[in-house]
Amino acid sequence: METSNNVSTELQALVSRLKRGTSGIVPANGLEEKLAKAEKMGKPLNIKLGLDPTAPDIHLGFAVVLRKLRQFQDAGHQVIIIIGDYTALIGDPSGRSATRPMLTAEEINANARTYVDQLSVILDREKTLVRFNGEWLGKLDFAETVKLASRMTVAQVLQREDFANRYATHQPISLHELLYPLAQAYDSVAIEADIEMGGQDQTFNILAGRELQKEMGQDQQIGLFMPILVGLDGVKKMSKSIGNYVGIRETPDSMFGKLMSISDTMMRDYYILCTDVPEEEIAALLKQAETGETNPKDVKRRLAREIITIYHGADAAVQADNEWNRVHSAREIPTDMPEFSLTQAGLTEEKIWICRLLAEAKIAKGTGDARRLIEQGGVSLNGEKVTNVKADYSQEALIGVVLKVGAKRYLRLAK
RNA sequence: GGGGAGAUUCCCGAGUGGACAAAGGGAACUGACUGUAAAUCAGUCGCGUUACGCUUCGGAGGUUCGAAUCCUCCUCUCCCCA
């Protein structure tokens with residue numbers, strides 16, 4: 001027997017859970033209203049997320065939004081993923097400083113499949129509806145498109161920071177890029193979205209959806225924004241193409257290493273957005289790190305364990321932690337490292353020049369680069385620093401040897 | 001349609017006939033320090049077994065002993081006017 005009072009307390013708890021980490025909700029009280037409405041009507045909300053099928057590897061930055069969607073699913077709402085197969089023909093200009101390349105149909109389809117596979121790591125596949133926006137956008141004829149376009153003004157579009165910047169710095173902006181927000185807005189109309197999720201860089205597109213829904217006489221969706229997770233470099237948005245990312249399917253060891261390399265100031269965001277550690281506890285941990293009560297390194301290790309636990313389980317997380325500690329604090333060589341086959345690389349001669357070896361192993365860009373690394377004291381074989389740039393080794397002498405370059409690159413040489 | 005500006009090595013950006021493989025900054029990499037954090041310092045940063053050679057400055061030709069720099073054509077971009 002639930003009293004109405006209980007229901008509202010539950011709703012309150014849900015609202016605060018859903019609001020964790022969000023960087024904005026438009027309109028401010030929209031979430032409560034939508035949830036209350038859903039409850040009253042006994043109908044789940046349509047939660048929309050649009051995906052551009054360009055970079056099919058899901059990383060922690062992307063997971064921020066997906067994890068939020070999962071919370072909605074767990075609360076019984078309908079998640080609708082829209083694969084922007086049609087809009088990929090345009091290329092989302094959001095946050096971009098240059099025109100995105102257009103994709104071919106094959107690339108888009110391949111990417112879309114990969115996406116759907118990977119989404120299920122975080123989302124409940126059974127409760128996820130996947131649609132392609134070519135389904136409705138492909139049916140619009142030119143007249144309808146122009147009519148849609150008439151609902152937005154150039155000034156509105158140019159208000160966007162990314163466009164404004166490009167315009168101000170005399171970068172080219174193609175006309176078709178201006179149509180992107182409109183297409184995305186039309187997606188919201190097509191599926192009658194109640195909530196559209198997105199990173200902060202989606203603000204304009206999502207608000208355009210509200211406008212268009214209003215024009216078409218629909219209930220307006222609310223915009224639920226998540227902050228952009230800063231990548232490992234601490235500067236730019238986490239992204240595959242920049243390479244500053246942690247993929248959710250990476251090995252625990254790799255994730256651990258990458259997470260330990262983020263700067264201290266980034267810990268808060270990562271804790272809030274990438275883990276389920278309660279907010280009060282996060283605050284306490286960070287405070288300890290700041291006062292020196294706990295070594296900040298250990299607070300970061302905890303962060304890495306928390307994240308890895310989500311994707312690989314607690315045991316794997318502890319193991320990765322141990323391994324990391326062994327290699328980086330105790331300075332022992334890693335248990336696992338990539339192998340490099342000399343024979344496969346064609347290094348079978350009696351005399352193998354060390355620079356050639358580094359180049360073939362792709363550890364150096366070429367022998368000139370390898371020479372520099374050695375001259376700078378960055379290369380060692382079985383822990384012994386290589387000092388002679390002209391050194392030759394026989395294949396026999398190299399087999400089983402651990403090649404170390406720089407602080408973190410290890411390779412075990414094999415036949 | 002008319003007029004003007006521009007395209008330089010991963011990015012930004014200097015360089016207007018020889019001293020330019022090309023200033024400076026950023027990124028990146030190596031070393032020192034350290035908590036594989038940040039900050040700082042030193043070095044490297046087109047290719048090559050490297051005190052020497054080779055290939056670069058949007059593309060194709062040309063002038064010259066010599067071209068990133070001058071000329072011609074082409075491609076692309078930005079600005080102003082209509």
Side-chain angles (χ1 to χ4, degrees), chain A residues 96-99 101 158 163-175 177 230-237 239 241-246 252-271 285-286 288-305 320-334 337 347 349 351-380 385-393 403-410:
Chain A
R96 282 281 163 147
S97 52
T99 306
L158 283 180
F163 280 140
N165 282 343
R166 280 164 66 181
Y167 194 69
T169 56
H170 301 172
Q171 295 299 306
I173 300 173
S174 295
L175 203 51
E177 294 180 79
V230 173
L232 298 174
D233 59 353
V235 181
K236 300 195 190 98
K237 171 181 178 177
S239 91
S241 55
I242 301 175
N244 60 352
Y245 70 105
V246 180
D253 286 342
S254 166
M255 284 178 127
F256 207 98
K258 285 186 177 181
L259 288 167
M260 287 305 287
S261 79
I262 66 169
S263 59
D264 291 1
T265 50
M266 290 155 68
M267 284 200 283
R268 174 181 299 278
D269 280 353
Y270 275 60
Y271 259 113
L285 283 166
L286 293 172
Q288 285 167 25
E290 201 185 327
T291 58
E293 191 183 335
T294 307
N295 188 333
K297 181 184 68 168
D298 293 320
V299 176
K300 206 180 289 174
R301 280 172 60 194
R302 163 83 185 274
L303 170 69
R305 282 199 306 272
D321 190 355
N322 289 340
E323 172 74 2
W324 186 87
N325 226 14
R326 212 173 60 72
V327 174
H328 299 291
S329 296
R331 296 183 193 276
E332 291 172 33
I333 61 168
M337 67 183 84
L347 295 170
E349 311 85 49
K351 300 235 173 252
I352 298 168
W353 180 35
I354 181 70
C355 290
R356 174 108 246 125
L357 172 66
L358 292 176
E360 291 296 340
K362 300 267 180 354
I363 265 187
K365 277 185 289 178
T367 55
D369 191 31
R371 164 187 289 267
R372 267 178 244 121
L373 284 169
I374 293 169
E375 281 169 349
Q376 290 175 134
V379 178
S380 68
K385 194 168 279 187
V386 176
T387 48
N388 181 7
V389 186
K390 301 197 169 167
D392 290 316
Y393 300 85
L403 170 67
K404 184 187 181 196
V405 177
K408 18 191 144 166
R409 282 178 294 174
Y410 288 91

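In what follows, every chain begins at residue 1, and chains take the letters A, B, ... in the order their sequences are listed. Excluded from the calculations below are hydrogen atoms, water molecules and symmetry mates; all remaining heavy atoms, backbone and side chain alike, are included.
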Polar-atom pairs under 3.5 Å, protein N or O versus N or O of nucleotides 43-47 of chain B: list them with distances, or write none.
unit_1 : atom_1 : unit_2 : atom_2 : d
B/G43  : N2     : A/Q376 : OE1    : 2.9
B/G43  : N3     : A/Q376 : OE1    : 3.3
B/U44  : O4'    : A/Q376 : OE1    : 3.2

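Atom CG in A/L373 sits about 16 Å away from atom P in B/A28, given to the nearest Å. To the nearest angstrom, P of B/C79 lies 12 Å from CZ of A/R166. In this structure, the CZ atom of A/R371 is 8 Å from the P atom of B/A51, given to the nearest Å. Put simply, CZ on A/F256 is 12 Å from C1' on B/G35, counting in whole angstrom units. Here B/C78 presents its P atom at 12 Å from CG of A/L175, a figure rounded to the nearest Å. A/M267 places its CE atom 15 Å from the P atom of B/G35, with the value rounded to the nearest Å. Look at CD on A/Q171: it is 14 Å from C1' on B/G13, rounded to the nearest Å. At whole-Å resolution of the value, CG in A/L232 and C1' in B/A28 are 15 Å apart.
Nearer to the 5' terminus of RNA chain B, by closest-nucleotide assignment, is the contact made by A/K236 (compared with the other of A/K236 and A/N295). Ranked by how close their nearest RNA chain B nucleotide is to the 5' end, A/K385 and A/K390 are led by A/K385.
Formation of a donor-acceptor pair under 3.5 Å by the A/K404 side chain with backbone atoms of A/I333 is not found in this model. Between the side chain of A/N325 and the backbone N or O of A/A330 there is no donor-acceptor pair closer than 3.5 Å. Using a distance-only test at 3.5 Å, with no hydrogens or angles considered, no donor-acceptor pair links the side chain of A/Y393 to the main chain of A/I354. Remark: side-chain polar atoms of A/T291 are paired, donor with acceptor, to backbone N or O of A/Q288 under 3.5 angstrom. A donor-acceptor contact shorter than 3.5 Å links the side chain of A/S239 to the backbone of A/I242. In this structure, the side chain of A/Y271 does not engage the main chain of A/K300 through any donor-acceptor pair within 3.5 Å.
Enclosure of atom CZ in A/R302 by more than 12 non-hydrogen atoms of other residues, nucleotides or ligands within 6.0 angstrom is indicated.
Across all strands shown, B/A37 remains unpaired; no Watson-Crick or G-U wobble contact has both distances below 3.5 Å. Across every strand in view, B/G61 sits in a pair with B/C71 that passes the Watson-Crick or G-U test at under 3.5 angstrom. Searching all strands for a Watson-Crick or G-U wobble partner of B/C45 with both distances below 3.5 Å returns nothing. Pairing for B/A14 is absent, judged as Watson-Crick or G-U wobble with the two contacts each under 3.5 Å. Across all strands shown, B/G4 is found opposite B/C78 as a Watson-Crick or G-U wobble partner, with both distances under 3.5 Å.
Rounded to whole Å, the P atom of B/A68 lies 15 Å from the corresponding atom of B/A7. Nucleotides B/A67 and B/G18, compared at atom P, are 11 Å apart to the nearest Å. Nucleotides B/A22 and B/C73 have their C1' atoms positioned 27 Å apart, rounded to a whole Å. Here the separation of B/U8 from B/U69, taken at their P atoms, is 14 Å to the nearest Å. The same atom, C1', is picked in B/U16 and in B/C80; the two are 26 Å apart, to the nearest Å. Atom C1' of B/G58 sits at a distance of 34 Å from the matching atom of B/G43, rounded to the whole Å. Nucleotides B/C70 and B/A27 are separated by 35 Å at their C1' atoms, to the nearest Å. Distance check on atom P: B/G24 versus B/U34 gives 31 Å, rounded to whole Å.
Contact between the side-chain N/O atoms of A/R409 and the OP1/OP2 oxygens of B/C29 is not found at any separation under 4.0 Å.
Taking 4.5 Å as the limit, every side-chain heavy atom of A/E323 sits out of range of all side-chain heavy atoms of A/P252.
Between the base of B/G35 and the side chain of A/D298 there is no donor-acceptor pair shorter than 3.5 Å.
Across all strands, A/Y167 comes closer than 4.0 Å only to sugar-phosphate atoms, never to a base (heavy-atom distances). When heavy atoms are screened at a 4.0 angstrom cut-off, A/R301 is found touching no nucleic acid atom at all.
Between A/K390 and A/W353, the shortest heavy-atom contact is CA-NE1, 3.6 Å.
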